[in-house]
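Notes for the one structure printed next.
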Amino acid sequence: MSEIITGAEALIRSLIAEGVDTIFGYPGGAIIPVFDRLYDYRQQLRHILVRHEQGATHAAQGYARVSGRTGVVIVTSGPAATNVITGLSDAMMDSTPLVVITGQVGSELLGSDAFQETDVIGITQPVTKWSYQIRNVEDLRWAVARAFYIASTGRPGPVVLDFAKNAQVATMEWKGYKKCHFVRTYEPNPDINIADVETVAQMINQAERPLIISGHGVEISGGEKELLNLAEKAQIPVVTTLLGMSTIDSGAKLFKGLVGMHGNVAANVAICRCDLLIAIGMRFDDRVTGDPGHFANQAKIVHIDIDSSEFGKIIKPDATIHGDARKVLALLAGCVAPAQHDEWLADFDRAWQVENEKVIAPELNSTRRITMGIVARHVAEAAGKGAVLVTDVGQNQMMSARYFKYTAPRSIITSGGLGTMGFGLPAAIGAKIGAPERTVCFFTGDGGLQMTVEELGVILQYGIDVKIILLNNNFLGMVRQWQDLFYDRRFSETQLVNPNFVMLANSYGIAAEDVETLDKLDAAIDRMLAHKGAYLLNVNIDPEELVYPMIPAGAPISTILLNKDEKYEN
């Protein structure tokens, strides 16, 4: 027998039918009917009350990235809806599946500049896969099912449902819920052209210096094992993008580092020397390519991606395979011939030797001062296998990503494409909720932490066990680095006067301590990791420390600064 229920309750039931277990949100007038119905479903749906709507989106991103599920956000209208735009943009750039539900004034008031009315659809369409306004209660189940399907399939991304208040309070006959598995004109799972696979396999077989760039698409598809199988069978070295770093174990013999502006010397040099470049699930971002006119000109380029709009957008490939990365990698591994590339692999050792001498050894072997690299490496070693790295944006991001160790998939959560300062704290909260069994280590700078510092209240309220490592140099460190290197050390508006972060953390019920000297670091890390609950380690860093290697913006990828005085001669 069917029931008569409100649109608000139909939304809650639809979310449960989609398998949602956690919602990040903030109530308000235009969404109160939904929160009122949520009250009766608290045993089935956990709601996390954030302190700012931007925090809700980043927390949902962290949850989605670590779990592989779709993150869900519910907020009200007007300023709440505009506050989620940064998170939507970030999720769109980094292909993170979100369903964001915003409240909206009643349809009879649309266009009248009613209190807290904004054109949510017009604002969000450029930064979402799909935006839809629910004005009629009968459209609710259809819209929710479509939203989850679009958000989570193909190249994932954010979807917005703008829920008019009249549709929330109107009644409907509940006839159950049916998931969506098809949308006309939308093909999220393209058939893989076997001829394309065979062509690329032959290119791999003929190559003397093949190289794989593994991107975020490998992680999204769950293709880590298939990546390793292909690499090992054909003896192809693997480098990664920032978001692709945990697609291969840091200790794997064929892993050769991070590419791009602050990537490893060996990885970037290999791009300049390979004769076949196989890019998988990545989009040739300018932070990876440098000057695209000088990117891998000596090599044939293969681009594998589920989103064909990326083909040729920045770098023109010689061959493409349109399809899911995991499926393509499995097919390629079955087609390529076993190979050995001992001389090619030996080339990496020479480049690593230079980087070790000029960059890594000075960073990790300091006996006089705490460096960012030492902190990241020591935390990674103490945290052990399976730890998740969450970063904010800036020097802390580059250093922690480079020196952390990855042993499991979905182990790095960072803002790649948009570079959102303030992303890290709420994302770390979401990551811990999405993977409660894993240790979550959140690296941040003093600038980025203060952008969403209010989310410490979520840690207080829900007891979220996040380990916060604050690399504190009293500067906007990455901007300061550019001012140091390229703007004659004119440090315009980058120095910060900071609060006492230990006292601030303590006021939120979070254990915390300062670390001033290197000899105190390891014991402090041990205390942090042994503590049951959230912990903040405020590590004071020399503001003069810069992140190297570095490729200047817009320069060829072969232009690698090892320090202020030396370049790598490629």
Check ion pair R37-E9 (N to O, under 4.0 angstrom): yes

Under 3.5 Å: donor-acceptor pair, side chain of S152, backbone of P97: no

Spatial distance of atom CG (L258) from atom CG (L242) [nearest 0.5 Å]: 6.0 Å

Check: T76 side chain, A30 main-chain N or O, donor-acceptor pair, under 3.5 Å: yes

Q104 and E117 side chains, donor-acceptor separation under 3.5 Å: no

Residue pair L536 / N538: nearest heavy atoms and the distance that separates them: CD2-N, 3.7 Å

Heavy atoms of other groups near Y39 OH, more than 12 under 6.0 Å: no

Min side-chain heavy-atom separation Q481-M550 under 4.5 Å: yes

Y487 OH: over 12 foreign heavy atoms closer than 6.0 Å: no

Donor-acceptor contact below 3.5 Å, side chain K467 vs main chain G533: yes

Side-chain H-bond candidate by donor/acceptor type, T391 with S400, under 3.5 Å: no

Flag if over 12 foreign heavy atoms under 6.0 Å of CD, E437: yes

Contact summary for A114 and L109, nearest pair of heavy atoms: CB-CB, 4.0 Å

K165 (side chain) donor-acceptor with G29 (main chain) under 3.5 angstrom: yes

Test: R141 and D139 ion pair at under 4.0 Å: no

Q397 and R402 side chains, donor-acceptor separation under 3.5 Å: no

Side-chain heavy atoms of N472 within contact of V539, under 4.5 Å: no

Min side-chain heavy-atom separation R65-T96 under 4.5 Å: yes

Rounded distance (nearest 0.5 Å) linking atom CE of M261 with atom CG of D286: 7.0 Å

Residue pair V84 / T82, side-chain heavy-atom distance below 4.5 Å: no

Side-chain (R51) to main-chain (E455) donor-acceptor, under 3.5 angstrom: no

A428 versus V390, closest heavy-atom pair with distance: N-CG1, 3.8 Å

Residue pair L45 / V20, side-chain heavy-atom distance below 4.5 Å: yes

Under-4.0 Å salt bridge between D285 and R287: no

salt_bridge(R69, D21) N-O dist < 4.0 Å: yes

F115, CZ atom: more than 12 neighbouring heavy atoms under 6.0 Å: no

Interatomic spacing from NZ in K385 to OG in S411 - rounded to 0.5 Å: 12.0 Å

Pairwise side-chain contact, H58 with T86, heavy-atom cut-off 4.5 Å (strictly under): yes

Under-4.0 Å salt bridge between E3 and R13: yes

Residue of the set I306, I220, D305 for which side chain to side chain contact (heavy atoms under 4.5 Å, CB included) holds with D324: I306

W142 and Y177: CA distance, side-chain angles, deciding distance, ring-ring contact (aromatic ring centres under 6.0 Å, His included) verdict: CA-CA 9 Å; W142 168 87; Y177 182 83; over 10 Å; no

Pairs touching residues 145-169 that satisfy ring-ring contact (aromatic ring centres under 6.0 Å, His included), sequence neighbours left out: Y149-Y186

Flag for R155-S95: side-chain donor and acceptor within less than 3.5 Å: yes

Main-chain N/O of G422 paired with D392 side-chain donor or acceptor, under 3.5 Å: yes

Any donor-acceptor N or O pair under 3.5 Å, side chains T494, Q483: yes

Donor-acceptor pair between T6 and T171 side chains, under 3.5 angstrom: no

Closest contact, heavy atoms only, A553 versus W482: CB-CH2, 3.5 Å

Verdict with reasoning, I134 to I101, per side chain to side chain contact (heavy atoms under 4.5 Å, CB included): CA-CA 10 Å; I134 304 171; I101 299 157; over 6 Å; no

Trace of the side-chain hydrogen bond (donor to acceptor under 3.5 Å, both in side chains) decision for S214 with T247: CA-CA 7 Å; S214 178; T247 58; 2.8 Å; yes

Nearest heavy-atom neighbours spanning R326 and G222: CD-O, 3.5 Å

Partners passing side-chain contact (heavy atoms from CB on, under 4.5 Å) against S107 (at least two apart in sequence or in another chain): L110, R135, A164, N166

Whether K432 side chain and A427 backbone form a donor-acceptor pair below 3.5 Å: no

Separation of L389 CG from I413 CD1 (nearest 0.5 Å): 8.5 Å

From T70 atom OG1 to L98 atom CG, the distance as rounded to the nearest 0.5 Å: 8.0 Å

Trace of the side chain to side chain contact (heavy atoms under 4.5 Å, CB included) decision for T22 with I48: CA-CA 7 Å; T22 304; I48 303 297; 4.1 Å; yes

Closest heavy-atom pair and its distance - A524, L537: CB-CD1, 3.7 Å

Pair H47 and F35, ring centroids less than 6.0 Å apart: yes

Reference residue D94; test side chain to side chain contact (heavy atoms under 4.5 Å, CB included); the match among L418, L243, T414: L243

Polar side chain donor-acceptor pair, Q61 to D90, under 3.5 angstrom: yes

Only pairs under 3.5 Å count here: list side-chain donor-acceptor contacts from residues 440-450, not counting sequence neighbours, and write none if there are none.
residue : atom : partner : partner atom : Å
T444    : OG1  : L449    : N            : 3.4
D446    : OD1  : N473    : N            : 3.4
D446    : OD2  : N474    : N            : 3.0
D446    : OD2  : F475    : N            : 3.3
D446    : OD2  : N498    : ND2          : 2.9
Q450    : NE2  : D446    : O            : 2.9
Q450    : NE2  : N498    : OD1          : 2.8

From R283 atom CZ to D307 atom CG, the distance as rounded to the nearest 0.5 Å: 11.0 Å

Side chain to side chain, L49 and V458, heavy atoms closer than 4.5 Å: no

Plane angle bin for F404 and Y406 - parallel if under 30°, tilted between 30 and 60°, otherwise perpendicular: tilted

Side chain to side chain contact (heavy atoms under 4.5 Å, CB included) between E454 and T452, worked out: CA-CA 5 Å; E454 71 280 350; T452 51; 4.0 Å; yes

Side-chain touch D484/F491, heavy atoms, less than 4.5 angstrom: yes

